[in-house]
Amino acid sequence: NIGQLADEANVKVYVVGGFVRDLLLGVNNLDIDLVVEGDGIAFATRLARFLRARLRVHEKFGTAMILWEDQKIDVATARREFYQHPAALPQVEASNLRQDLYRRDFTINALALQLNLPSFGYLVDFFSGRKDLDQGLIRVLYNLSFVEDPTRIIRAIRFEQRYDFTMEVETLEFAHEAISRKMIGEVSHERMFDELLLILQEKNPVPALRRVTEMNLWDYFLPDLEWSERLERELTTLTELYQEVKDRELVPLETRWMPYFLILTKHMKPEGVKLAIDRYPLKMWIREAIVELASTNEQTGLLMEQSLQYGKLSDLDKLFQGWSIEAFLALRASYALPKTVELLEAWHIIKKCKTIITGKELKEMGIKPGPHYKTLLNQMRWDRLDGIVQSYEEELEHLR
Ligand code: ATP
């Protein structure tokens, strides 16, 4: 149908990049990137109308994003990029598909499938990406690729480890050359942080992190970090934990990177942690979690477990107070403590539990406002958690 729309609009449309790569590898990928030879925005508008989907347009870049059910479709006008100086963000101008693909990072990401009807599904492969995909090779498209955009070195590591590929010999040499020329140092902290996040969002980030260590790149992410077997084990335990909870929605998907980040910072000296906090755009509660975690030990984690085994839910609630789920996971994974999944389940029950009576109602009842409101409501909530109070009437009774 997209092909038919493209024919009607008299433009050539291709699906490109990660979607094509993953399709050929048989991996699921919900992000579709389209490249249009012609007016990308006009085509995106037409497509969004056809799908009755939401559309967001970036005039300046000639791109648009369509949100359709749980799919994201990026639409771009075929473009050529050039760099005013190394490691800068690129300048953009319109061009054809070949030039658009040439500016990409690796051959395996520079494949395109034509969508126009007569040749629907035709694989456009200017740079032998298909062969590299079959052979498991990460290969840059031109010699200066890493100099132009050193973050591609990190992307190379990520793809290499995700698919269990290797960097093609010359590409690896280019990477080492760019590293020894300290090109990555030219990249802004924000972009480096984004790259670190992308690694930590991988299904299993540990192999890529180990590779960052092997290639001596920690200086550009967390300068103070020293990789150790113990650290690797802790991170692996976290990955295993995620596998255990898998689709049970016990841990929010968007923040699954955070416990990894917290474990990394837990292995740094206070000076290094301070540097990371200054450098990166971390939300307040993450900063607090980093500091909080630094002052904990195995005993902190064990207490929660004991409370689950022998105590009441209200005892657990008291132990969970002030903890974020991410910091909690980092702590438990650090010491490979058992019963973490059970604790996560308890966590959700506890966090969902609320009293029916609210502060507003206490006021209406003529109880004078003050700090004792919190004490009263907390006590009532704890009684509810322990099953002592179960209804509104019992809450009222409790107040008397
Ligand atoms: P993922 O599965 O990690 O999302 P992806 O290939 O879809 O992988 P994106 O970061 O969404 O990755 O990028 C989409 C496409 O844009 C890539 O396939 C690649 O062709 C191109 N691209 C992204 N970043 C760069 C870069 N730094 N340099 C060149 N091309 C890039």
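In listed order, ligands and their atoms are each counted from 1. Just so you know, these numbers come straight off a predicted model, no measurement behind them.
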Please test Arg104 against Asn109 for side-chain hydrogen bond (donor to acceptor under 3.5 Å, both in side chains), starting from the C-alpha separation and ending with a verdict.
CA-CA 7 Å; Arg104 288 168 188 264; Asn109 287 340; over 6 Å; no

Has ligand 1 got any nitrogen or oxygen that is less than 3.5 angstrom from a nitrogen or oxygen of [X]?
X      : answer
Phe159 : no
Asn29  : no
Arg191 : no
Asp31  : no
Asn109 : yes

Mark up the atoms of ligand 1 that fall under 4.0 Å of a heavy atom belonging to [X], in ascending order.
X      : result
Gly18  : 6 (O), 7 (O), 18 (O)
Gly17  : 18 (O)
Arg158 : 3 (O)
Asp149 : 26 (C), 27 (N), 28 (N)

Region of [X] engaging ligand 1 - heavy atom pairs below 4.0 Å:
X      : answer
Asp33  : side chain
Arg103 : backbone
Asp105 : both
Phe19  : neither

Tell me whether the centres of the aromatic rings in Phe261 and Phe221 are closer together than 6.0 Å.
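No, too far apart.
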
Aromatic centroids of Phe328 and Phe320 separated by under 6.0 Å
yes

I would like to know whether Asp315 and Ser307 meet side-chain hydrogen bond (donor to acceptor under 3.5 Å, both in side chains); could you show each step before the answer?
CA-CA 7 Å; Asp315 296 334; Ser307 181; 4.8 Å; no

Which residue from Glu202, Lys72, Arg155, Gln201 reaches closest to atom 25 (C) of ligand 1 through any of its heavy atoms?
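That would be Arg155.
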
Selection from Glu195, Arg152, Arg162 by shortest heavy-atom distance to atom 2 (O) of ligand 1
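Answer by nearest heavy atom: Arg162.
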
Which atom of Asn28 lies closest to which atom of Asp22, heavy atoms considered
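Closest pair (atom of Asn28, atom of Asp22, distance): O-OD2, 4.3 Å.
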
Contact summary for Trp347 and Trp323, nearest pair of heavy atoms:
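Smallest interatomic distance, heavy atoms only, reads CH2-O, 3.2 Å.
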
Cationic tip of Arg152 above Phe146 ring, under 6.0 Å, 45° of axis
no

Arg332: which of Glu305, Glu326, Glu342 passes salt bridge (charged side-chain N to carboxylate O under 4.0 Å, His left out):
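Testing Arg332 for a salt bridge (charged side-chain N to carboxylate O under 4.0 Å, His left out) against Glu305, Glu326, Glu342 leaves exactly one candidate, Glu305.
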
Test side-chain contact (heavy atoms from CB on, under 4.5 Å) on His267 and Trp227; report intermediate values, then the result.
CA-CA 8 Å; His267 282 256; Trp227 191 259; over 6 Å; no

Give the C-alpha distance, both sets of side-chain angles, the deciding distance and a yes or no for side-chain contact (heavy atoms from CB on, under 4.5 Å) between Lys318 and Trp382.
CA-CA 9 Å; Lys318 287 168 203 165; Trp382 286 329; 3.5 Å; yes

